[in-house]
Structures are given as structure tokens and as C-alpha cells.
Amino acid sequence: MTLVLGLDVGGTSSRALITTLDGVRAGFGRAGAGNPVSVPLADAVTSVADAVRAALSGLDPRDVRAAVMGIAGTGRFTDPVVAEAFSDAFAALGLTVPVRPVGDVEVAYAAGTPEPCGTVLISGTGAIAARIEDGLMTTTADGIGWLLGDLGSGFWLGREAAALTARELYTRVPEGHLTRGVAVTVLGTVPAAPSRQAADDLIGALHAQPPRHLSQLAPLVSAAAEHGDPQALALVERAATHLADTLAEVHTTGPVVLAGSVLTTSAPVREAVIRLIAERFPGTGVVVAGPGELGAARLAARR
């Protein structure tokens, strides 16, 4: 039996999927954070190995004929120490083929479609669009980080919601579903009266956290939009417009794959983006990406 291994390795969890060449699932495993950019190398290797070990349960590792590991920051694997640590761990599990690190953008595209050419639009903590040709990323738009871009991302949504709430606190008590939700999340309560102190408390609490922490407020925008909050609906429309503009910089033909936590879990943003794609690119197929390990397994099978 010929099998392939696909890994989705991130700063929160590591997932391993083993399938046949035609995509039939044969094994699955999950473990902790496995990206050496986010956690110590030894911990990363242990987590990834644990995930693969669980996926291989009851299987012969020699049947695995190709393997791909989807991971952000593939440049880390140019370091011989990092590459050797992972290679040794895979060999200890009985794998006889190299596990190829592939960028998470290419994996996200493959998780949505087996088509070799198309475009992927990702909105998670950050945001990027990338053109894929023959399975490889050729051009990108945005993806330049929260300080300079990532327009329409989870960070962008959270920052806009926080800024809206801070401005309200100076002059009035927040009444909308969105701004009340931000106030409760950050301050623990909605101030009884508008004041500079209330606004300063919110601003100070947000500045005490790393900037990317603002992305944790993004789900409040989606929830408020689903309740019909006008401020949240306006933010959703602006985010979708930013993302559609980013997509337009690189998209030509083929399907569009939507990926990232915002586009896969936020129905209001996803639906707005799909509507704008239909308006700007009539007839373009749009698909939501599946899990990253599925994309990695598809790339492995393609090899």
C-alpha cells in the first residue's frame, strides 16, 4: 500500500494526516505546538513527532512514500541544526522518505482545491493573497505585517473595533453590540458614564498587550454583525473590500481558495468577500479551504 503524510505545523498545534494517493484517510494524529519559531526546538520536534506517531498507529511507516510539512517560516529549515533535529525524529519513527517543509500559503491553497493553478486569499491574524502556478506560489499581495498592511485581517478587525470603542468612551456610553462587547472584554464592564478616564483605561489595557493581541477582538465583530449591529456590519464591509482589493492584485484565472481563521469561521466576512468576488470576477469558482494537513497530504500525493 502506498501512503503519503501531510503535516500542518503551527504555533498552537501540530496535526498529521496519512492518506492513500487518492485521498482516503488512513491515520491521523494531533499534538502541541511544533513551529520552532514559536517554541524551543526540542519541544517543537517532540510535538511533531508525537503527531506523526499517532497518525502511524497500526500502519507500516515504510509505506509512506512522500511527506510534506506545511509550516510558516520554512527558512528556519536552512539551519542544519533545525533540519537535522526534525530529520532524526522522523527517521526514529521509521519514515524512509524526507519530509519536505512547504510554506503555509501553498498548503492552504492545496487544502481547498487539487487544481494546480489559481489564487489563495488568506485572512487570519494577518492577510495575504497569492497566485499559485503548478502548485507553487509565484506572486503575492499584502502579507506585509500588521504595522504596514494585513488589511482585512483579524488584527485589522480587532484594531478597528478597539479604536471605535475608545472614541465612543470619550463622549458616550457604548450602546452597540460591538462596542459594548469590546468594553466588557477589555475592561470587564461597560462604564456607567462617558469619560476620558474610561477611554484611557481601555487604551492602556490594550497597549499593555502585544499588538497582535488585538486580533482576539475580531470574533466580536463577526458576532455583532450577525446581530445586525450597524457598526460591525460597516467594519465587515470594509474588511471584505480590503480583501477583495488584495485579491485583485494577483488573481487572473482559476479558482479562488479562501483560507485563514477569519474567512473560514466568520460567516459575515466570508459572505461579503464571496459577493465581491462574484461582482468583480464573474464565473470564478470560490472554495473554502479544508484543514492544512489535508493540503499538505495532497501536495505529497502530487509528488
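Any value given below was found using the heavy atoms of this structure, including those in side chains, with hydrogens, waters and symmetry copies removed.
Between the side chain of T20 and the backbone N or O of V24, at least one donor-acceptor pair lies under 3.5 Å. Without hydrogens or angle criteria, T78 side chain to G75 main chain gives a donor-acceptor distance under 3.5 Å. Remark: side-chain polar atoms of D8 are not paired, donor with acceptor, to backbone N or O of I71 under 3.5 angstrom. Formation of a donor-acceptor pair under 3.5 Å by the E133 side chain with backbone atoms of T138 is not found in this model. Under a 3.5 Å cut-off, the side chain of R131 and the backbone N or O of G118 do form a donor-acceptor pair. Put simply, the side chain of S266 never gets that close to the backbone of L263: no donor and acceptor are under 3.5 Å apart. In terms of modelled atom types and a separation under 3.5 Å, the side chain of R100 and the main chain of V68 share no donor-acceptor contact. With hydrogens and angles disregarded, no donor-acceptor distance shorter than 3.5 Å links the side chain of D142 to the backbone of T246.
Between T74 and V102 the shortest side-chain heavy-atom distance does not fall below 4.5 Å. At a threshold of 4.5 Å between non-hydrogen side-chain atoms, the residues F281 and L247 count as touching. With a 4.5 Å cut-off on side-chain heavy atoms, I203 and L206 do not count as touching. Taking 4.5 Å as the limit, every side-chain heavy atom of I18 sits out of range of all side-chain heavy atoms of F28. Under the 4.5 Å side-chain criterion, counting only non-hydrogen atoms from C-beta, V262 is not in contact with R270. Side chains of D43 and L41 form no contact here, defined as non-hydrogen atoms less than 4.5 Å apart. Looking only at side-chain heavy atoms (C-beta outward), F86 and V48 come within less than 4.5 Å of each other. By the 4.5 Å heavy-atom criterion applied to side chains, V105 and V120 are counted as neighbours.
Separation of atoms CG (L59) and CE (M1) is listed at 6.0 Å; rounding is to 0.5 Å. The CD atom of E115 lies 6.5 Å from the OH atom of Y109; values are rounded to the nearest 0.5 Å. For the atom pair R62 CZ and L95 CG, the distance stands at 12.0 Å (nearest 0.5 Å). Separation of atoms NE2 (H242) and OG (S153) is listed at 9.5 Å; rounding is to 0.5 Å. Distance CZ/R167 to OG1/T171: 10.0 Å, rounded to 0.5 Å. One distance of note links CG of L243 with CD1 of I277; it measures 9.0 Å at 0.5 Å rounding.
Side-chain atoms of R15 and S13 include a donor-acceptor pair closer than 3.5 Å. Between the side chains of T165 and T179, not a single donor N or O lies within less than 3.5 Å of an accepting N or O. A side-chain N or O of Q231 and one of E168 form a donor-acceptor pair less than 3.5 Å apart.
A salt bridge does not link D134 with R302: every distance from a Lys NZ or Arg NE/NH1/NH2 to an Asp or Glu carboxylate oxygen is 4.0 Å or more. A salt bridge between R275 and E271 is absent, with no side-chain N of the basic residue lying under 4.0 Å from a carboxylate O of the acidic one.
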CA sep, side-chain torsions, deciding dist, call: T19, R25, side chain to side chain donor-acceptor pair (under 3.5 Å): CA-CA 4 Å; T19 73; R25 176 168 165 160; over 6 Å; no
Residue pair L258, V273: steps toward the side-chain contact (heavy atoms from CB on, under 4.5 Å) verdict: CA-CA 9 Å; L258 305 182; V273 167; 4.2 Å; yes
Full working for side chain to side chain donor-acceptor pair (under 3.5 Å) between S14 and R30: CA-CA 6 Å; S14 303; R30 180 193 298 269; over 6 Å; no
Chi angles and distances behind the side-chain contact (heavy atoms from CB on, under 4.5 Å) call for V250, T140: CA-CA 6 Å; V250 295; T140 64; 5.6 Å; no
Evaluation steps, side-chain contact (heavy atoms from CB on, under 4.5 Å), between L17 and L5: CA-CA 6 Å; L17 174 66; L5 166 65; over 6 Å; no
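Two different hydrophobic clusters hold L220 and L233 under the rule that ILVMFWY side chains link at heavy-atom gaps under 4.5 Å. The hydrophobic cluster containing L164 also contains L202, counting ILVMFWY residues as joined when their side-chain heavy atoms lie under 4.5 angstrom apart, directly or transitively. Taken together through direct or relayed side-chain contacts under 4.5 Å among Ile, Leu, Val, Met, Phe, Trp and Tyr, V64 and F90 form part of one hydrophobic cluster. Following chains of ILVMFWY side-chain contacts shorter than 4.5 Å, one can reach L3 starting from V99, so the two form part of one hydrophobic cluster. Linking ILVMFWY side-chain heavy atoms closer than 4.5 Å, directly or via other members, places L178 and V173 in two distinct hydrophobic clusters.
Scanning both residues, A272 and V236, for their nearest heavy atoms gives CB-CG1, 4.2 Å. Considering every non-hydrogen atom in both G292 and V107, the closest pair reads O-CG1, 3.1 Å. Across all non-hydrogen atoms, the minimal contact from T185 to L217 is CG2-CD2, 3.9 Å. In this structure, A296 and G70 approach most closely via the heavy-atom pair CB-N, 4.3 Å. Between A108 and A259, the closest heavy-atom pair is CB-CB, 3.9 Å. In plain terms, the two heavy atoms of V221 and A161 that are nearest each other are CG2-CB, 3.9 Å.
The local environment of CZ in R280 is crowded, with over 12 non-hydrogen atoms from other residues, nucleotides or ligands closer than 6.0 Å. Environment of CD in E84: sparse, with no more than 12 heavy atoms of neighbouring residues, nucleotides or ligands closer than 6.0 Å.
The stretch residues 159-203 participates, sequence neighbours left out, in these ring-ring contact (aromatic ring centres under 6.0 Å, His included) pairs: H177-H227.
Partners of T125 under the side chain to side chain contact (heavy atoms under 4.5 Å, CB included) rule, at least two apart in sequence or in another chain, are R212, S215.
Relative ring orientation between W146 and F155 is described as tilted, the plane-to-plane angle lying within the 30° to 60° band.
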